[in-house]
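Chain A is the first sequence line, chain B the second, and so forth, proteins listed ahead of strands; every chain is numbered from 1. Being a predicted model, the structure only gives us computed values, none of them experimental. All heavy atoms count here, side chains included; hydrogens, waters and symmetry mates do not.
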Amino acid sequence: MLGAPLSRIIRKILTARPVKCQRGGRKFCRAFQSGFPHGKRRSSSNPGLYVWVMRMSRLFARTLRDDPADAEVDSYRLLARGGYIRRVASGIYAWLPLGDRVLRKASEIVREEMDAAGAQEMVLPIIQPLELWQRSGRDGAYGPLMFRLEDRKETGFCLSPTAEEVITSLVSGELSSYRDLPVNLYQINWKYRDELRPRFGLLRAREFLMKDAYSFDTDVDGLRLAYKQMYDAYTRIFERCGLTFRAVEAQSGEIGGDINHEFMAVAAVGEDDFVWCRNCDYAANVEAATRAAPAADLPSVVPVMEEVHTPDMPGIALVANFLGVEPSAMLKCIAFEVDGQIGLALVPGDDEVNEYALGRALAPRSVRLLGDDDFAAHPELPKGYIGPNHPSASVVVADEVLVTRPGPWVTGANRVDHHVRNALLGRDFNVDTFAPLATVTTGDACPRCGAELSVDRGIEVGHVFQLGTKYAEALGALYTDESGEQHPMVMGCYGIGVSRVIAAVAEEHHDEHGLAWPRAIAPFDVHVVALPGRGDAGASVVAAAEQLCAALEEAGVDVLYDDRDASPGVKFADADLLGMPVQLVVGAKGVGRGVVEVKHRKTGERTELPLDDPPAIAATVLGR
RNA sequence: CGGGGAGUGGCGCAGCGGUAGCGCACCUGCUUUGGGGGCAGGAGGCCGGGGGUUCGAAUCCCCCCUCCCCGACCA
């Protein structure tokens, strides 16, 4: 039993306001006099946080002038320099107060959108019994990726890399009727994966903050609805975080048939290639991407095919240059093996054959492009001089472009040192199958809208899966339907790498001076820089700055206040490095004229506002 | 795991057999005050760990640990 005073305190805490309102730095602020005295005011940009003014003189963060030696990506480099995070071990980071604020802002956005989508937040254990993983059969599948540990009785546990097993097992014990479904449960919690190689700072960490959600439905229709809701919520979340992203339909892995989308944030340091349209919402893995076939202007008459001597030119570029034609006018003939036979894949000379696409075209047969060893074993295939009408080819697959563009082509003559001109489909060679074979490249046309496609690297910030009944069956998550029959629940799972999102935002929103946060994610809405100098005006400058901070707080603005005894250069450099969206400079010059200078971090735009009009200043800061 | 490299003050680095140094940061004082300013003084280091070689090891040899980078996984 709790003692009376303690239980009273707890009741007070529980009844005073929603639990999440306990977040924020108020207590810290008061205890250490690091901030201003203030009322209970919510952040206008983030209602889950209290607004307050943080004095930089008290802030636990030191900015670094030099880049950390191990910084290879801008996100980690700038977050470390700015005092947001510190590396503690390989792939493991401490989040200092500034970083923690960003983490909370991102988490709160996720929370709001998940709640709005009808999901319920909860907390699952990070330490999970291995036994659950053995039951689902994933103990072996995850293998060395899991951090493993034993208790004193030598019972096996792991640190949660994800939580399908735990949640499924939990739900199976709690819910048993169709009346209980559907339900969507989520948590925002630390996850652990003993990555082969942690790298890129927060982008591939061994400890990372993840929002993981799990939906349970009675049937596939319900799953599809839950999936759609999550998909839409994810779109809103990433939009609010200021990311340029696309939802990419991912290749269904070995689980086969499961629908899943990856949310990719466009970034040069991303680890996956994907194709996306800058005009519509088309997006796909490079392996899965297709393009609209370019229109061809056909010559009315194609002269008779003729052989030309092309000595020592086993490549598109060499031949095109020698004959004075564009590479796109050449037909590339790539030899492959399918079921022990030789086949040819035809694509224009400036394209590459997408091996996955070729495989899909010939499925279910398996396809393998020939390597140097194969050419050595097939002397009848003169690499670099193969033509589309090669007698050994049992099957010829051509890119769809050839449908509208039968020729004339410059291509191989099936004889070393010889090519042909004016090869025409239907006259000089034939094709068995047309398929989208070419690897899509930047500049190709979108298959949906025809606009230009881009191929970019992306950071996977989210992933939504239609799981089906796999885990429900393995872990006995069954429900009873109207007629009393038992069925496995139909599940979906939905992940967002919250800490990775922050790294992705930092990758997208920075310049040579430092970070430039979108306001939704910024640890503070505004950075007030006081420049008192040493002259007589100093005291009035400080007074003006402090009044401004107090007024902004009153207006619901999160303020980072640089009250340090440092030179202007240091303060400006730190303000740019830390990257609050708006900087307010209170200096002797401006105060004398009754104005504060406003600098927008992202654009560099500078304006002035009257010091005695805090509402106008607050409105500018809040972008209103 | 394979291949490459590095561990020296909080951070970034030099030193590579003979008294442990530099820049940034930190402390004191003076000076300066609109883009990381200047002068003077100061504090801070089992030179990753263990074992050798040597009169003497940060430095040479062996073992171990950690970390980083390049290739196979994923939020």
Side-chain angles (χ1 to χ4, degrees), chain A residues 61-73 76-77 80-81 83 86-92 106 110 141-146 160-163 187-213 234 237-238 245 250 253 260-265 270-272 458-465 493-504 513-514 529-538 541 562 564-577 583 585-592 597 599 604 606:
Chain A
R62 177 171 292 169
T63 57
L64 307 175
R65 194 184 295 210
D66 298 317
D67 292 335
D70 56 354
E72 30 151 9
V73 293
Y76 169 60
R77 183 174 65 83
R81 276 194 55 203
R86 290 284 183 261
R87 202 178 63 77
V88 171
S90 177
I92 297 174
V110 170
Y142 258 85
L145 198 55
M146 289 204 290
S160 172
T162 176
Q187 64 168 342
I188 298 174
N189 210 343
W190 295 97
K191 300 292 185 301
Y192 298 82
R193 292 187 190 169
D194 192 4
E195 294 287 348
L196 294 172
R197 181 147 101 82
R199 69 181 122 175
F200 301 142
L202 299 174
L203 290 173
R204 178 153 305 281
R206 294 197 290 178
E207 179 182 71
F208 55 98
L209 192 64
M210 182 168 97
K211 187 283 304 177
D212 46 326
Y234 276 36
I237 287 166
F238 297 130
F245 69 98
N260 68 102
H261 286 84
E262 295 172 337
F263 285 79
M264 308 295 298
E271 295 181 77
D272 307 277
I459 297 166
E460 185 188 2
V461 287
H463 205 155
V464 290
F465 269 98
C493 71
Y494 319 92
I496 290 180
V498 178
S499 49
R500 181 183 277 185
V501 163
I502 287 161
H513 300 295
V529 177
L531 298 180
R534 281 279 162 74
D536 297 337
V541 167
D562 194 344
R564 295 175 302 172
D565 180 20
S567 70
V570 171
K571 292 188 175 189
F572 288 138
D574 278 348
D576 287 346
L577 174 61
Q583 297 169 15
V585 181
V586 183
K589 287 186 199 168
V591 170
E597 290 160 58
K599 177 183 165 186
R606 292 164 195 266

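- Looking at A/Asp272, its side chain comes within 3.5 Å of the base of B/rC74 through a donor and an acceptor atom.
- The pairing partner recorded for B/rU53 is none, the criterion being a Watson-Crick or G-U wobble arrangement whose two distances lie under 3.5 angstrom.
- The base of B/rG12 is not paired with the side chain of A/Asp67 by any donor and acceptor separated by under 3.5 Å.
- In this structure, the salt bridge (Lys or Arg N to Asp or Glu O under 4.0 Å) partners of A/Lys191, at least two apart in sequence or on a different chain, are A/Asp212.
- Distance, A/Leu64 CG to B/rA25 P: 11 Å, rounded to whole Å.
- Below the 3.5 angstrom threshold, one finds a donor paired with an acceptor across the side chain of A/Glu271 and the base of B/rC73.
- Residues A/Tyr494 and A/Phe465 keep their aromatic ring centres 6.0 Å or farther apart.
- With sequence neighbours excluded, the residues satisfying salt bridge (Lys or Arg N to Asp or Glu O under 4.0 Å) with A/Arg77 are A/Asp67, A/Asp74.
- Taking 3.5 Å as the limit, the base of B/rG36 and the side chain of A/Arg81 contain a donor-acceptor pair of atoms between them.
- Base-pair partner of B/rA58: not found among the strands shown (Watson-Crick or G-U wobble, both distances under 3.5 Å).
- Between the C1' atom of B/rC70 and the CG atom of A/Asp70 lies a distance of 16 Å, rounded to the nearest Å.
- Comparing B/rC68, B/rA25, B/rC69 by their closest approach to the side chain of A/Arg65 singles out B/rA25.
- With respect to A/Glu207 and A/Arg193, no salt bridge is recorded, no charged nitrogen being found less than 4.0 Å from a carboxylate O.
- Straight-line distance from the CG atom of A/Asp194 to the C1' atom of B/rA72: 15 Å, rounded to whole Å.
- Each of A/Val498 and A/Arg199 has a nearest nucleotide on RNA chain B; the 5'-most of these lies closest to A/Arg199.
- Spacing between atom CG of A/Asn189 and atom C1' of B/rA75 amounts to 14 Å, rounded to whole angstrom units.
- Figure legend. B/rU33 is base-paired to no nucleotide; pairs are counted as Watson-Crick or G-U wobble with both atom distances under 3.5 Å.
- Look at B/rC67: its Watson-Crick or wobble partner, with both distances under 3.5 angstrom, is B/rG5.
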I'd like a list of close polar pairs between nucleotides 20-23 of chain B and the protein, N/O only, cut-off under 3.5 Å.
| residue | atom | partner | partner atom | Å |
| --- | --- | --- | --- | --- |
| B/rG23 | N2 | A/Asp66 | OD2 | 3.4 |

In sequence, state the C-alpha distance, the side-chain angles, and the governing distance for A/Lys599 and A/Asp576, and then conclude on salt bridge (Lys or Arg N to Asp or Glu O under 4.0 Å). CA-CA 10 Å; A/Lys599 177 183 165 186; A/Asp576 287 346; 3.0 Å; yes
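- The 5' end of RNA chain B is approached more closely, in terms of each residue's nearest nucleotide, by A/Lys571 than by the other of A/Arg197 and A/Lys571.
- Residue A/Ser567 places no side-chain N or O under 4.0 Å from the OP1 or OP2 atom of B/rG34.
- Side-chain N/O atoms of A/Arg204 and base N/O atoms of B/rC74 include a donor-acceptor pair closer than 3.5 Å.
- Look at B/rG41: its Watson-Crick or wobble partner, with both distances under 3.5 angstrom, is B/rC27.
- Atom CG of A/Asp574 is separated from atom C1' of B/rC24 by 13 Å (rounded to the nearest Å).
- The base-pairing partner of B/rC47, taking Watson-Crick or G-U wobble contacts with both distances under 3.5 Å, does not exist among the strands shown.
- A stacking contact between A/Phe572 and B/rG36 is absent: the pair does not combine a ring-centre distance of less than 5.5 Å to the base's six-membered ring with planes differing by less than 30°.
- Between B/rG36, B/rA25, B/rC69, one nucleotide has an atom nearer to the side chain of A/Glu72 than all others, and that is B/rC69.
- Under a 4.0 Å N-O distance rule, the pair A/Glu195/A/Arg206 does not qualify as a salt bridge.
- If you check B/rC68, B/rC26, B/rA72 against the side chain of A/Arg62, the one that comes closest is B/rC26.
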